[in-house]
Amino acid sequence: MIKIVLIRHGQSQWNLENRFTGWTDIDLSPTGFEEARIAGGILLRNGYVFDIAYTSYLKRAIRTLWIILDQMDLMWIPVFKTWMLNERHYGALQGLNKAETALKYGDEQVHEWRRSVHIRPPALQLTDTRCERSDRRYAGIEQCVPLTENLDDTKARALVYWNETIQPALKSGSRVLIAAHGNTLRALVQYLDQIPEDGIADLNIPTGTPLVYELDDNLKPLRHYFLGESGEVEGRSVTDPLT
Ligand SMILES: O=C(O)[C@H](O)COP(=O)(O)O
């Protein structure tokens, strides 16, 4: 049996301020630092060990991973970063307050922007200072930098990385940790559990909480659970309410 641990970064400063974040590179809040520290301790005390880790190009996920690996005395393992595990691009909504946006455009519209598989938020203009195409970290892959994304777009790129990089590592016996984002992990979970499109809107992944998937030799999921201090967390599911 193969185990993989997925973790959404700890609370970020913009999670705290309830702002659309997407590809904006916002750091952890003090609570997020603490969530990551606690997650590392939980993984350590439950006997988890990792051989390799994957994360995005965004510091809230990278720092969550660093803190966990530090807690586990595993800072030496190979860590691979990829834009393909970045959060879903939130287009022109990036930086806006979610509650204020709902007041302006209505709850239904904002819920669609946040949770529809097909609807994309309004796109960023190339001239917008928030556009990440001139950011040095994306040099050479400017054309891959989205101006907005729906969940399907995010899923497509995350699955390329899953199929080409993570899956071979799992098949070769590596114990894998992925520190990523709410929507990249929703996309992965949708793929792994074959969740239909109309079931995905209710699927929300809490910050800083290790989510364990047990997979068979063909990488088909057998079961999944969140991890707490004394093992599996009772009464939590990947369908916690949208906050
Ligand atoms: O990018 C963001 O704003 C969050 O990380 C995820 O937000 P969501 O819950 O609105 O998808």
Side-chain angles (χ1 to χ4, degrees), residues 6-29 31-33 35-36 39 55-65 82-124 128 130-132 135 137 145-158 178-191 195 197 199-209 211 236-243:
L6 314 177
I7 188 157
R8 181 181 177 194
H9 60 81
Q11 184 196 62
S12 73
Q13 192 55 36
W14 279 13
N15 290 145
L16 177 64
E17 294 170 20
N18 200 23
R19 293 163 75 177
F20 292 101
T21 315
W23 281 39
T24 318
D25 197 10
I26 298 299
D27 211 338
L28 298 177
S29 70
T31 299
F33 273 77
E35 285 176 336
T55 189
S56 70
Y57 273 2
L58 300 172
K59 64 174 72 121
R60 56 194 188 275
I62 297 169
R63 198 181 300 285
T64 298
L65 179 62
T82 172
W83 64 272
M84 286 185 259
L85 290 176
N86 276 12
E87 180 54 290
R88 172 167 75 119
H89 199 287
Y90 249 127
L93 299 182
Q94 291 187 173
L96 303 185
N97 180 280
K98 293 179 183 177
E100 287 168 15
T101 308
L103 280 179
K104 188 164 172 193
Y105 296 98
D107 287 337
E108 204 177 314
Q109 173 67 81
V110 168
H111 191 267
E112 280 198 330
W113 282 333
R114 292 183 69 185
R115 287 296 171 263
S116 161
V117 174
H118 303 294
I119 292 169
R120 299 186 178 94
L124 269 183
D128 195 307
R130 294 171 296 169
C131 178
E132 296 88 1
D135 187 324
R137 83 190 78 185
V145 176
L147 299 171
T148 183
E149 282 188 314
N150 59 30
L151 188 66
D152 266 356
D153 301 326
T154 308
K155 185 175 168 188
R157 60 172 163 85
I178 302 178
H181 300 265
N183 289 296
T184 32
L185 294 179
R186 289 174 72 236
L188 263 187
V189 164
Q190 185 193 17
Y191 166 76
I195 298 171
E197 274 181 12
I200 190 69
D202 296 330
L203 188 144
N204 293 298
I205 298 190
T207 52
T209 311
L211 172 58
R236 284 198 95 160
S237 74
V238 286
T239 54
D240 282 349
L242 181 61
T243 49

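When a residue number appears, it is its place in the shown sequence, counting from 1. A quick note: this is a predicted structure, and the numbers were derived from the prediction, not measured. Just follow the structure's listing: the first ligand is 1, and inside any ligand the first atom is 1.
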Provide the closest heavy-atom pair for G208 versus I7 in the form atom of the first, atom of the second, distance. C-CD1, 3.7 Å
Which ligand 1 atoms, with their elements, are less than 4.0 angstrom from a heavy-atom of R115? 8 (P), 9 (O), 11 (O)
Honestly, for K98 the part within reach of ligand 1 (heavy atoms, under 4.0 Å) is side chain
Closer than 4.0 Å to some heavy atom of R19 - which atoms of ligand 1 meet that? 3 (O)
Listed partners of Q13 passing side chain to side chain donor-acceptor pair (under 3.5 Å), at least two apart: E17
Residues that S12 engages under side chain to side chain donor-acceptor pair (under 3.5 Å), provided they are two or more places apart: N15
Could you say whether the N/O atoms of R60 and ligand 1 ever approach to under 3.5 Å? no
What atoms of ligand 1 come within less than 4.0 Å of a heavy atom belonging to F20? 3 (O)
Using a 4.0 Å cut-off to any heavy atom of T21, which atoms of ligand 1 qualify? 1 (O), 2 (C), 3 (O)
Any H111 heavy atom less than 4.0 Å from ligand 1: no
Paired with T207, the side-chain hydrogen bond (donor to acceptor under 3.5 Å, both in side chains) test is passed by just one of R60, H181, E35, namely E35
State the atoms of ligand 1, each with its element, that fall below the 4.0 Å cut-off from a heavy-atom position in N183. 6 (C), 11 (O)
Heavy-atom contact under 4.0 Å between E87 and ligand 1? yes
Minimum heavy-atom separation for L65 and A179, please, with both atom names. CB-CB, 3.8 Å
Applying a 4.0 Å heavy-atom criterion (strictly less than), which segment of Y90 is in contact with ligand 1: side chain, backbone, both, or neither? side chain
Verify whether the ring centers belonging to W113 and Y105 lie closer than 6.0 Å. yes
For ligand 1, indicate whether the residue Q94 contacts it via side chain, backbone, both or neither (heavy-atom separation under 4.0 Å). neither
Note: R88 and I119 closest approach over all heavy atoms is NH1-O, 4.3 Å
Contact between G22 and ligand 1, counting heavy atoms under 4.0 Å? yes
Would you sort out whether R157 and N86 count as a side-chain hydrogen bond (donor to acceptor under 3.5 Å, both in side chains), showing the intermediate values? CA-CA 9 Å; R157 60 172 163 85; N86 276 12; over 6 Å; no
